[in-house]
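The chains referred to below are lettered A, B, ... by the order of the sequence lines, with proteins before strands, and numbering in each begins at 1. Computed over heavy atoms, backbone and side chain alike; hydrogens, waters and symmetry mates excluded. Keep in mind that what you see is a predicted model, and the values were worked out from it rather than measured.
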There are 2 protein chains.
Amino acid sequence: MAHSVFKYRTGEAYPYCYKYPQVALTADCVVFSYDGKDLLVLLIKRGQEPFKDRWALPGGFVNPDETAEQGARRELLEETGLEASHLEQFKVFSTPDRDPRQRVVTVPFIALVNHKSVAGGDDAAEARWFPVDKVPPLAFDHDQILSEARTALRRSLYFSPVSFTLLPPQFTMPQLQRLYEIILGRKFDRRNFARKMNSLGVLDFQGIESVGNDVVERKDVPSRKPSIFSFNRVKWSRMKDESDTNFEF
Amino acid sequence: MAHSVFKYRTGEAYPYCYKYPQVALTADCVVFSYDGKDLLVLLIKRGQEPFKDRWALPGGFVNPDETAEQGARRELLEETGLEASHLEQFKVFSTPDRDPRQRVVTVPFIALVNHKSVAGGDDAAEARWFPVDKVPPLAFDHDQILSEARTALRRSLYFSPVSFTLLPPQFTMPQLQRLYEIILGRKFDRRNFARKMNSLGVLDFQGIESVGNDVVERKDVPSRKPSIFSFNRVKWSRMKDESDTNFEF
DNA sequence: TTCTAATTGTGTTCTTTTGACCCATTTTTT
DNA sequence: AAAAAATGGGTCAAAAGAACACAATTAGAA
């Protein structure tokens, strides 16, 4: 066993004593966003050992009076200043020696946020967005956590269009399609994709001129201007409810 | 805070001391089986306070050298003698005061087993199968855990026919259909269901006479004998793999 | 201005899947 | 032998999915 349990030790150094062996509980966030081109994940550079100077998922210890989700929200805010509009638990990582210092069980969350730049917060020296396919080797078992988060994100997208929480208020069909393709890892026919999305009834047509949209930016390419859409939250949440009651096989 | 943290206490009574507050980690099992008629869940009667004599999910503390999954397997075996052929984590329950004694974070697993009768194990006074729709009020937050387990089971069934692990080696189409209907909470047309199941290509026709099947038993009703099927594990696992790579939207 | 390349929007056709339903077959009871 | 209960096989139309053709718009080059 790599982690340390100190028996019969007391005083200021080890003040929390229990009858049975315990574990430390952390909450990590796999924060995704989308800049209209790449699916991005937020990483922070560790300032301390172990894994000093390695990139890692933002997160930290859960306080005694917090649920894991509350801890995840708090840590995310402290370390990056971000508030997640969608937070979803997907699995627990409990391999005994995943942290070399002591036994740490972590509850990772998928957090979806609208894209904006972030500065490092109090705890972290540096925070940066990475395209999900260009992520450097991470600290601890965070590579595996990220990998499983992507699978879980896929499954979520199957049941409800969580994709919208990754998009700005206004977006184009090609952008929406690229997002689906990145998350699901496959290509769709342009026309069939648009037809299906429109038939879902959650898109509102907004015209063809973007109005203060961070993502929709005309590149200097000669091509037709795309239509701008927004999504209808009312119909969207109705869809989410139905996906929990009307199951196929 | 309901749970107790004893500072600066030492000796035999509280020998596990840490620098930061910790939590106790348990693994619970939501064990499902199917008798050909009802979806069943395994419960044990608690022999100790709190919630003495109340029914609860089998489970217990995770040892320092175990992952949560290993702990779940061990506890299940100790308490009920069962070995799960399918074990799947779905969520963590970490509300600070969910256990009145101290902070306990639990990792519940969905366990699917072939149906057989169980006797109580070492720890538990009594173990019994309950139809999922006739479960009494449970100890702790186990009602909520069971409820979320059923939702997670639905979603699993969407991605791969986990249902087969609940069935005996040989089964009939009506039995399979009933199982789907119970898990998914909706009815299917008899003929359409059979057509789709056959088209999946994971069923092998075995004839119309059952051979040593616990589940297939002719009731005393006047009706045609149903066909017997088994499932093709090779094609089934291939399907599972595909469901992770070939996503729709 | 005109032409070209890039990209988006709309429509068509064919195939597959789904949903709803009829009727024949088998088996036990009367 | 007839009736009742449950299964099996099949049809038909509607919906959904896959593949593909072509017109429209825009920026830059000729």
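- Phosphate contact (OP1/OP2 of C:dT18, side-chain N/O of B:Lys196, threshold under 4.0 Å): present.
- What separates CD1 of B:Ile208 from C1' of C:dT25 is a distance of 11 Å, to the nearest Å.
- Between A:Arg178 atom CZ and C:dT8 atom C1' the separation is 11 Å, expressed in whole Å.
- The base of C:dT7 lies outside donor-acceptor range of the side chain of A:Arg224, with no N or O pair under 3.5 Å.
- For C:dG9, one of the phosphate oxygens OP1 or OP2 lies less than 4.0 angstrom from a side-chain nitrogen or oxygen of A:Ser227.
- When heavy atoms are screened at a 4.0 angstrom cut-off, A:Ser199 is found touching no nucleic acid atom at all.
- If you take CZ of B:Phe193 and P of D:dA6, they are 18 Å apart, rounded to a whole angstrom.
- The pair B:Asp133-B:Arg150 counts as a salt bridge, with a side-chain nitrogen and a carboxylate oxygen less than 4.0 angstrom apart.
- At a threshold of 4.0 Å, the pair A:Lys37-A:Asp35 does not count as salt-bridged, since none of the basic side-chain nitrogens sits closer than that to a carboxylate oxygen.
- Rounded to whole angstrom, the span from the CG atom of B:Asn192 across to the C1' atom of D:dA16 amounts to 15 Å.
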Quiz prompt | Intermediate values then yes/no, side-chain contact (heavy atoms from CB on, under 4.5 Å), A:Ile208 and A:Ile228 | solution = CA-CA 5 Å; A:Ile208 55 169; A:Ile228 309 289; 5.5 Å; no

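- With rounding to whole Å, B:Asn198 atom CG is found 8 Å from D:dG9 atom P.
- Contact between the side-chain N/O atoms of B:Lys225 and the OP1/OP2 oxygens of D:dT7 is not found at any separation under 4.0 Å.
- Of the two residues near DNA chain D, B:Arg190 and B:Arg195, the one whose nearest nucleotide lies more 5' is B:Arg190.
- Projected onto DNA chain D by closest heavy-atom contact, B:Asp189 and B:Pro174 fall at different nucleotides, the more 5' of which corresponds to B:Pro174.
- Computed from coordinates, the B:Phe171 CZ to D:dT7 P distance equals 15 Å when rounded to whole Å.
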Practice problem: Could you check B:Leu39 against B:Phe32 for side-chain contact (heavy atoms from CB on, under 4.5 Å), going step by step and ending with a plain yes or no? | Solution: CA-CA 7 Å; B:Leu39 184 67; B:Phe32 291 112; 4.1 Å; yes

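- As a whole-Å value, the separation of A:Arg191 CZ from D:dA19 C1' is 8 Å.
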